[in-house]
Every structure is written in C-alpha cells, then in structure tokens.
J.: 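Take a look at this one; I'll ask things after.
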There are 2 protein chains.
Amino acid sequence: MRASQRVYNQLRAEILDGDLPPGRVLAEVEQSQRFGISRTPVREAIGRLAAEGLAEQQGGRGVVVSDVTTDDITPLFEVREALDIQAARLAALRGDPAEFAALADRLEDVAGRFDSPRHSSQDDPPAAYYELVEQMDRAIDAAAANPWLDAASSTVRMQLARVRRLAAQDPSRLAAAAREHAQIARAVSTGSAQLAEAAVRLHLNNALNSALAKAPATAAGSTATREETP
Amino acid sequence: MRASQRVYNQLRAEILDGDLPPGRVLAEVEQSQRFGISRTPVREAIGRLAAEGLAEQQGGRGVVVSDVTTDDITPLFEVREALDIQAARLAALRGDPAEFAALADRLEDVAGRFDSPRHSSQDDPPAAYYELVEQMDRAIDAAAANPWLDAASSTVRMQLARVRRLAAQDPSRLAAAAREHAQIARAVSTGSAQLAEAAVRLHLNNALNSALAKAPATAAGSTATREETP
DNA sequence: CGTACGTCCAATGTATACATAATTGCCACA
DNA sequence: TGTGGCAATTATGTATACATTGGACGTACG
C-alpha cells in the first residue's frame with residue numbers, strides 16, 4: 001500500500017478514536033518523523049483529511065484536527081435525516097421486499113431478546129443488533145443504488161461517529177432503537193416510500209433526543225427556530 | 001495566491017466548462033509544463049479535484065476527468081431533492097418571513113414579465129430570474145444555517161452544473177420555473193416546513209422531467225423501480 | 001508600563017531529483 | 001499469424017533541498 005494511504009488511514013483512525021483530539025496540530029515534519037517517511041505523502045494525507053472536514057486550516061498556517069462539539073449534533077442529524085430518508089424512500093421503491101422483510105424479522109427478534117433474560121453466553125443482543133444495523137444500512141445503500149447519495153452519507157456518518165464519543169450511548173435505548181430499525185426495514189419491505197420516510201424520521205428524532213438528553217446544554221447561541229405552523 | 005490554488009481553480013473551471021472533457025487524462029507533467037510550475041502543486045490540485053469527484057483514478061495509473069452522462073441526471077436530482085427539501089424545511093422554520101415574502105414578490109413579478117412583451121432593452125427577464133434564483137438559494141442556505149448541508153449541496157450543485165451542459169435549457173420552461181421558485185419562496189415565508197417541502201418537490205420533479213425530456217434515452221441498464229403503493 | 005516595530009525562526013509551499021511500477025511495443029516462438 | 005513474454009519507456013510515488021511566509025519574541029520608544 002502507498003505510504004500516503006497508510007498515513008491517511010492511521011491519522012483518520014486516530015482522529016475518529018479521539019487519540020488526536022480537536023485542536024491538535026497536524027505538523028508535517030512531526031508526522032513524517034513519526035511514520036518514518038518524508039513530508040510529501042504526509043502532506044497528501046493531511047490534505048485529504050482537510051477535504052473531508054476532519055481537519056482544517058488554522059488561520060492560514062498549520063492544520064489542526066477540526067473541532068466537534070455537542071452543538072454539531074443537531075445540524076449533523078439534520079443532514080443525516082435528509083439523506084437517510086431519501087435512501088430509505090429509494091430502497092422502498094427499488095429494493096427486494098423479501099430481503100428487507102427478513103431483516104425486519106431478525107431485528108424484531110433481537111429487540112425482543114433485549115428484555116428477556118439471556119439463554120447463553122453466546123447470546124449478545126447488543127453485538128447482534130449492531131451487526132444487523134450495519135447490514136441494513138448496507139442493504140439500503142445497495143438498494144438505493146445512488147453513488148452520490150452514498151458519498152454524502154459516508155461523510156456525515158464519519159462526523160457522527162466523532163460526536164458519538166461526546167455522548168455515550170444509553171444502553172436502555174438499544175431495545176427501542178432495535179424496534180425502530182425493525183420498523184424501518186418493515187416499511188421498506190412494503191415498498192411504500194412514505195411509510196419508509198415516516199419510520200426513518202421517527203427513529204432519527206428519537207435518536208437525536210436521546211443524544212441531546214445526555215449532551216450537556218451548551219452556552220446560548222443556539223439558532224432560534226420558529227414553531228411549525230402546518 | 002498559491003500556485004496549487006491557481007491550478008485548482010483553473011482546472012476546475014475548465015472541467016466545468018467542458019474544455020477538459022470527460023476521459024481526458026490529467027497528466028502531472030503536462031499540466032506542470034502548461035502552468036510553468038513544478039509537479040508538486042499540480043499534484044495537490046489534481047488530488048483535490050479527485051476528492052470532489054471531478055476527476056478519478058484511472059485503474060491505478062493516471063487521473064482522468066470523471067465522466068458524467070445523462071444517466072447521472074436522475075441520481076443527482078435524487079440527492080439534490082433530499083438536500084434542497086431539508087434546506088427549505090429548515091429555512092421555513094428559521095428564516096425571516098419578510099425576506100422570503102419579498103423574494104416571492106420579485107419572483108412572481110419576473111415570471112409575469114416572461115409572457116408580456118418587453119418594455120425596454122433593459123428588461124431582461126432571464127437574467128433577472130437567474131439573479132433572483134441565486135439570491136434565493138443563498139437566502140435559504142443562510143436561513144438553514146447548517147454548514148454540513150451547505151457543503152453537501154455545493155458538491156451536488158457542481159456536478160449538476162456539469163450535466164446541465166448535456167441538456168441545454170428549454171427557454172419556454174423559464175417562466176414556469178420562475179413561478180415554481182416563487183411558490184417555494186412563498187411557502188418558506190409562511191413558516192410551514194411541509195408546504196416548503198411540497199413546493200421544492202414539485203419544482204425539482206418538473207425540472208427533472210424537463211431535463212430528461214431533452215436528454216436522449218440511454219441504453220437499457222436503468223435501475224428498475226417499483227411503483228409507489230401508499 | 002504599554003504599544004509598536006523589526007528581526008529572527010520555524011513551518012509550510014515549491015522545486016527538483018530519485019525510486020518504483022505499469023503500460024506499451026517489439027521480438028521470439030509456437 | 002497470433003500469442004506470450006520481456007524490456008524499455010513513461011508516469012506516478014517518494015525523498016530531499018530550497019524559497020517564502022507568517023508568527024513570535026524582544027527591544028525601543030511613547
């Protein structure tokens with residue numbers, strides 16, 4: 001693999017894991033010495049990180065890991081809502097109903113197992129749930145069959161992976177989230193774009209509220225929002 | 001201005017204008033000689049173009065201007081629909097009603113002037129319309145106040161600017177488009193997210209149909225889409 | 001004591017030289 | 001004549017050296 005690619009992968013992982021915290025400067029010489037290579041591939045890697053929003057220019061000189069705070073949770077969810085809804089709508093129209101019906105079945109099963117006592121050490125509902133969610137995301141993306149939608153989604157998902165570190169998950173929400181995901185899969189399997197949109201909107205609203213409940217209220221400055229008047 | 005920035009601006013403009021057609025190889029040495037600089041900043045510029053989707057790796061060797069065909073129109077409009085709807089929804093909730101009411105008034109005025117005979121050489125409805133649309137896009141983005149939404153939108157808009165060259169605009173649609181834009185502005189000014197969404201969805205559907213009507217039907221391979229069953 | 005200007009330094013931006021890999025063309029052999 | 005392999009060439013990937021810029025620190029003056 002090319003050196004620039006290795007450095008990019010490594011720096012990206014460290015930023016997403018929080019090992020390189022927001023505000024940390026990404027000096028070319030420092031990183032090139034750390035990786036034992038020259039500045040050129042490091043420079044390319046940092047450029048890619050900046051293009052994706054994981055890093056940004058520091059006042060015209062120097063690149064730093066970009067800052068993400070709890071203030072970013074709401075705007076990121078707004079974009080995610082737009083993209084996930086469209087993906088679910090397209091999947092409902094284009095996907096294989098049987099595939100999503102099967103996913104819905106398995107998600108409902110996992111959701112039920114959260115409440116029941118465990119039957120064996122093999123039975124790990126959270127792990128099974130995460131696996132299924134990932135599988136459904138891939139299925140929806142594949143069914144939507146839209147490369148640009150994929151690209152936009154992956155950018156937002158990457159940022160959301162960062163903010164997720166700011167507000168640790170509430171274990172008690174996993175069962176509810178699993179049921180919501182099952183509803184999404186079920187809606188997609190029916191072929192109704194409207195139903196799929198409703199299911200996604202519901203799930204993301206709950207997920208956002210859960211995240212904000214744990215996130216400390218930030219200083220004022222929040223954008224004023226008029227109430228909906230339908 | 002930095003050399004890499006100049007090269008990036010120039011190459012980007014040439015790609016968007018079609019001077020560098022899809023499939024054209026972007027050789028580092030060739031471009032560095034053309035601009036009279038070294039390979040390093042050229043390499044950086046081409047890297048940025050590739051990151052934005054205007055160019056792409058050619059099998060592992062060489063970077064070429066990415067291909068856009070009429071097949072891309074529908075998927076691009078699907079992403080644009082998702083983003084524009086969300087932007088309009090947020091603008092309806094957060095924007096200044098008076099600002100968008102004023103935009104609606106001016107758009108309705110321009111729409112009317114398309115049909116009436118011109119009163120002077122100064123009266124150029126298309127130019128006025130384009131100016132107003134741009135103004136409204138900026139107003140919606142500003143009201144939505146979501147940097148990530150802006151970033152995603154600008155990427156899609158750039159690609160759409162390329163495909164627009166493939167299917168020249170229908171002058172007779174401008175008047176209808178102006179009325180649709182006026183409806184969007186009016187909907188946003190009422191503060192109703194639902195109404196704004198409906199207006200944007202209507203406009204983009206018409207715009208897409210107009211574009212596809214002029215675009216030649218491509219060879220099979222189009223993704224099958226089940227009909228909506230609400 | 002505070003501010004403003006100048007010099008120095010360090011990090012980025014650019015150029016060039018070297019290494020490496022892939023494609024293409026040519027030659028030999030079947 | 002076609003195919004396969006090898007070599008040469010060319011373009012990219014990486015390293016290093018040089019240029020430039022922006023900031024920081026120190027000093028001098030108000």
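Chain identifiers are assigned alphabetically (A, B, ...) following the order of the sequence lines, protein sequences preceding nucleic acid strands; residue numbering begins at 1 within each chain. Side chains included, hydrogens not; waters and symmetry mates left out as well; all remaining heavy atoms used.
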J.: Short of 4.0 Å, heavy atom to strand atom, which residues of residues 28-40 of chain B count as contacting DNA chain C?
T.: B:I37, B:S38, B:R39, B:T40

J.: The test is salt bridge (Lys or Arg N to Asp or Glu O under 4.0 Å); show your working for A:R34 and A:E14 and say whether it passes.
T.: CA-CA 14 Å; A:R34 180 157 79 97; A:E14 289 179 2; 3.0 Å; yes

J.: May I ask you to check whether over 12 heavy atoms, not counting those of B:R106, lie within 6.0 Å of atom CZ?
T.: no

J.: Could you check how far CE of A:M1 sits from P of D:dT14, rounded to whole Å?
T.: 11 Å

J.: From CD of A:Q5 over to C1' of D:dG13, roughly how many Å is that when rounded to an integer?
T.: 13 Å

J.: To the nearest 0.5 Å, what is the distance between CG on A:L49 and CD on A:E56?
T.: 12.0 Å

J.: So, A:D72 side chain and A:T69 main chain: donor-acceptor pair closer than 3.5 Å or not?
T.: yes

J.: B:E134 vs B:Y129, test: side-chain hydrogen bond (donor to acceptor under 3.5 Å, both in side chains). Steps then yes/no.
T.: CA-CA 9 Å; B:E134 210 171 298; B:Y129 165 62; over 6 Å; no

J.: Give a yes or no on whether a donor-acceptor pair under 3.5 Å exists between the nucleobase atoms of C:dA10, that is its base, and the side chain of A:R61.
T.: yes

J.: Taking atom types as modelled and ignoring hydrogens, do the side chains of B:R48 and B:Q5 form a donor-acceptor contact shorter than 3.5 angstrom?
T.: yes

J.: Write down the distance between CD (A:E44) and P (D:dA15), rounded to a whole number of angstrom.
T.: 12 Å

J.: How about A:Y130 and A:Q135: does a side-chain donor come under 3.5 Å of a side-chain acceptor?
T.: no

J.: So, is A:S4 near the phosphate of D:dG13, with a side-chain N or O under 4.0 Å from OP1 or OP2?
T.: no

J.: Expressed in angstrom and rounded to an integer, what is the separation of A:R2 atom CZ from D:dT12 atom P?
T.: 12 Å

J.: On DNA chain D, nearest-nucleotide positions of B:A27 versus A:P41: which is more 5'?
T.: B:A27

J.: What residues in residues 49-58 of chain A put a non-hydrogen atom under 4.0 Å from any atom of DNA chain D?
T.: none

J.: Which residue, B:Q159, B:Q57, B:R162, forms the side-chain hydrogen bond (donor to acceptor under 3.5 Å, both in side chains) with B:S66?
T.: B:R162

